[in-house]
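Input: a single structure, listed below in structure tokens.
Fair warning: this is a prediction, and the values are worked out from it, not measured in the lab. Below, chains carry the letters A, B, ... as their sequence lines are ordered, and counting in each starts from 1.
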Amino acid sequence: MLWYKMWRESGVRFAISAAALLWMCAVAVLLQQRVRTHADEPISYPHYIWSAVYKANVLDLFILLVIVLGLGGVLQERAQGTAGFTLSLPVGRWRLTAVRAATGCLQVAVLALLPALLIPLLSPVVGETYSFAAALQFSVLWAGAGMVIFAMTLFFSVVLPGAYSPAIASVAGLLACSILADLPPLAHHPALDLVETMHGAQLMVSQHEVSLAALFAPLPWLALGLYALVALSLIGAAGAIVAGRDFP
Amino acid sequence: MNTMAPLLFKAWRESRGRFLISAALLAAICVFGVFCRGSLMKVIMPGGRFGGDPYVGYIYSLVYAGTARGLFVIMVMLLALGGLQRECLQRTVGFTLALPVSRARLVSAQALLGLVQVATLSVLPLVLLTVCSSLAQLRYPPAQMACFGLLWFAGGAVFFAVALLAATLFRSEYTALTVTFVFTIFYPMAVLFSPLNRYPLNIHHIMSGVRMRYFDVHTALLVGAPPWALLACMLAIAAALIGVAIQITRRRDYV
């Protein structure tokens with residue numbers, strides 16, 4: 001029942017997000033000839049896909065959509081006068097937060113997987129090929145970092161009142177993270193730059209050699225483990241705040 | 001009695017938090033960008049292939065074509081959200097609609113205040129970069145900043161109007177936000193298709209000058225007169241979208 005409730009609350013957002021991501025990936029593939037012809041230097045198809053999808057517009061869209069998926073929750077329901085109905089359900093507040101987080105994380109993972117499903121399928125239409133394994137590597141990066149962004153927005157949704165403040169705080173958090181990671185004391189820890197990790201520049205180098213067997217070898221597992229830990233901590237903190245809070 | 005002032009105050013009370021956070025973030029990037037340029041310049045402009053004044057190129061890459069501009073677009077759209085649909089969800093719409101003013105006036109006040117906020121955010125880099133650059137004994141041409149401010153205001157007005165229309169159309173505030181975000185990224189890709197690609201329709205490029213005749217990529221400076229026709233077109237589009245939002249609000253049932 002709780003899963004269904006969470007799905008109903010975020011279903012429209014998720015559907016629009018999925019449709020938008022698919023459309024953007026399709027446009028990137030279909031326009032490849034024109035963009036590559038007008039490029040300053042000749043670029044290969046995998047490099048083009050990386051710069052158009054995994055490094056630029058589509059990644060920006062993915063990040064914004066993950067932020068939107070993280071919005072909502074009991075604090076926002078209070079403003080609408082429906083928090084009482086949710087809190088009177090025969091389930092603990094921890095469970096409410098956990099199910100909401102799990103639904104969101106699943107949605108983020110599915111969104112991250114969409115480019116990996118569409119791009120290899122659509123590439124032959126324009127006379128090119130793109131390895132599914134290579135696309136899957138980027139999906140793992142997107143899913144791992146996306147869950148941190150989702151957890152951060154979920155946390156801000158529990159702490160900050162208002163429908164849009166958590167979105168602003170998340171954007172600000174990401175920017176701060178990005179800028180701070182460029183400063184000298186932190187510049188030697190690339191994992192701290194979430195967006196840079198999602199770019200997956202190190203994966204681009206070995207685009208052609210990717211096989212299913214070597215699929216997971218070049219991924220930054222330490223960074224992904226760190227992200228999972230941060231995401232779990234943020235979700236835990238959000239759960240603790242919801243559990244201890246009065247919602248008058 | 002002038003009813004606009006109380007309506008503007010109401011709109012200000014509803015959006016001031018978002019506006020102040022937006023201004024603070026934009027200010028932080030500008031100030032931080034100038035005073036931490038030593039570290040950031042190596043990351044933002046690596047290789048030293050840029051031919052013009054490095055500081056001009058750096059500020060352009062960070063503020064007028066980079067992080068600050070992206071943030072400005074997102075914040076401008078967040079400023080436009082809210083309004084009667086959101087009040088409907090919070091069950092306060094009855095109080096607002098019971099005010100002795102027309103719905104058109106209500107939305108007009110929201111739009112007017114929003115455009116003033118967009119203008120303020122557009123001018124903010126000009127003020128801060130002038131002060132911070134002089135404190136750091138550097139110089140970024142004020143005329144350039146003024147011209148970029150104009151471009152930001154016109155582009156920001158369009159994004160604001162799109163978000164206002166989305167907030168009017170969609171009942172769920174998160175759906176409106178999703179649609180608005182999708183529009184920001186979707187639209188520049190849509191204009192790559194023929195026959196749209198023949199015209200300068202990408203507002204992101206218009207705002208930053210990228211691939212525009214009025215921008216010299218080698219010096220990262222705007223050249224010649226501001227593109228008045230483009231600016232007028234964008235403001236006209238923004239006005240038309242706000243007009244549509246007003247018409248929809250006038251005819252809608254808020255139950």
Side-chain angles (χ1 to χ4, degrees), chain A residues 9-10 12-17 19-21 23-24 26-28 30-31 34-35 52 56-65 67-72 76-82 160-165 167-169 171-172 174-176 178-187 193 196, chain B residues 14-15 17-22 24-26 28-29 32-33 36 38-44 62 67-68 70-71 73-75 77-82 86-92 170-186 188-190 192-194 197 204 211:
Chain A
E9 281 173 7
S10 58
V12 175
R13 277 178 268 169
F14 174 70
I16 295 174
S17 306
L21 272 178
W23 163 254
M24 293 286 288
V27 169
L30 295 175
L31 287 177
R34 182 177 304 158
V35 177
N57 295 341
V58 186
L59 174 62
D60 296 340
L61 181 66
F62 174 77
I63 291 173
L64 290 175
L65 295 174
I67 289 176
V68 177
L69 280 177
L71 298 173
Q76 273 67 44
E77 282 195 49
R78 190 177 65 169
Q80 298 172 8
T82 58
L160 300 172
Y164 310 115
S165 312
I168 297 176
V171 172
L174 274 178
L175 279 178
S178 223
I179 292 179
L180 289 176
D182 288 337
L183 292 180
L186 305 172
D193 194 339
E196 200 59 42
Chain B
E14 283 168 4
S15 62
R18 280 173 269 167
F19 172 70
L20 292 175
I21 296 173
S22 308
L25 286 174
L26 211 52
I29 292 179
F32 195 74
C36 295
S39 308
L40 291 176
M41 212 181 246
K42 289 176 199 153
V43 181
I44 292 174
L62 178 74
T67 311
L71 184 75
V73 169
I74 292 173
M75 295 306 169
M77 292 190 300
L78 283 168
L79 281 176
L81 298 173
R86 181 165 151 72
E87 287 197 42
C88 199
L89 278 176
Q90 299 182 345
R91 296 166 195 185
T92 55
F170 299 101
R171 194 179 170 91
S172 161
E173 54 209 351
Y174 300 130
T175 307
L177 187 59
T178 312
V179 169
T180 308
F181 279 164
V182 168
F183 171 82
T184 326
I185 313 274
F186 163 86
M189 289 193 86
L192 288 173
F193 283 103
S194 182
N197 59 355
H204 296 286
R211 292 179 205 161

For the interface with chain B, which of [options] has the highest count of heavy-atom pairs at distances below 4.5 Å?
{"options": "A/Ile67, A/Val58, A/Leu69, A/Leu31", "value": "A/Leu31"}
{"options": "A/Ala163, A/Ala20, A/Ala52", "value": "A/Ala163"}
{"options": "A/Ser17, A/Ser165, A/Gly72", "value": "A/Gly72"}

Proximal component of [X], with respect to chain B [non-hydrogen, under 4.5 Å]:
{"X": "A/Leu175", "result": "side chain"}
{"X": "A/Leu71", "result": "both"}
{"X": "A/Ala28", "result": "both"}
{"X": "A/Ser178", "result": "neither"}

Practice task
Using ring-ring contact (aromatic ring centres under 6.0 Å, His included) as the criterion, list what pairs up with B/Phe183, not counting sequence neighbours.
Solution key: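 Residues passing ring-ring contact (aromatic ring centres under 6.0 Å, His included) with B/Phe183: B/Tyr187.
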Completion exercise
Note: A/Val68 and B/Tyr174 closest approach over all heavy atoms is CG1-O, 3.8 Å
Problem - Closest non-hydrogen atom pair, B/Thr175 against A/Arg13 - result: N-CG, 4.5 Å
Using heavy-atom distances under 4.5 Å, tell me whether [X] contacts chain A through its side chain, its backbone, both, or neither.
{"X": "B/Arg18", "result": "both"}
{"X": "B/Ile21", "result": "side chain"}
{"X": "B/Ile29", "result": "side chain"}

Exercise for the section: With side-chain contact (heavy atoms from CB on, under 4.5 Å) as the test, would you mind laying out the steps for B/His204 and A/Asn57 before giving the verdict? Expected result: CA-CA 12 Å; B/His204 296 286; A/Asn57 295 341; over 6 Å; no
[atom1]/[X] to [atom2]/[Y] distance, rounded to the nearest 0.5 angstrom?
{"X": "A/Ile16", "Y": "B/Phe170", "atom1": "CD1", "atom2": "CZ", "value": "6.0 Å"}
{"X": "B/Thr178", "Y": "A/Leu61", "atom1": "OG1", "atom2": "CG", "value": "10.0 Å"}
{"X": "A/Leu180", "Y": "B/Cys36", "atom1": "CG", "atom2": "SG", "value": "9.0 Å"}
{"X": "A/Tyr164", "Y": "B/Arg86", "atom1": "OH", "atom2": "CZ", "value": "5.0 Å"}
{"X": "A/Ile168", "Y": "B/Leu25", "atom1": "CD1", "atom2": "CG", "value": "8.0 Å"}
{"X": "A/Leu64", "Y": "B/Leu177", "atom1": "CG", "atom2": "CG", "value": "8.5 Å"}

Problem - Other residues, nucleotides, ligands: >12 heavy atoms within 6.0 Å of A/Arg34 CZ - result: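 For A/Arg34, atom CZ is crowded (more than 12 foreign heavy atoms under 6.0 Å).
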Exercise for the section: Decide yes or no for A/Leu65 and B/Val182: does some side-chain heavy atom of the first lie under 4.5 Å from some side-chain heavy atom of the second? Expected result: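 A/Leu65 vs B/Val182: side chains touch.
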Handout entry: When B/Leu78, B/Leu81, B/Leu40, B/Thr67 are compared by non-hydrogen pairs under 4.5 Å with chain A, the top option
Key = B/Leu81
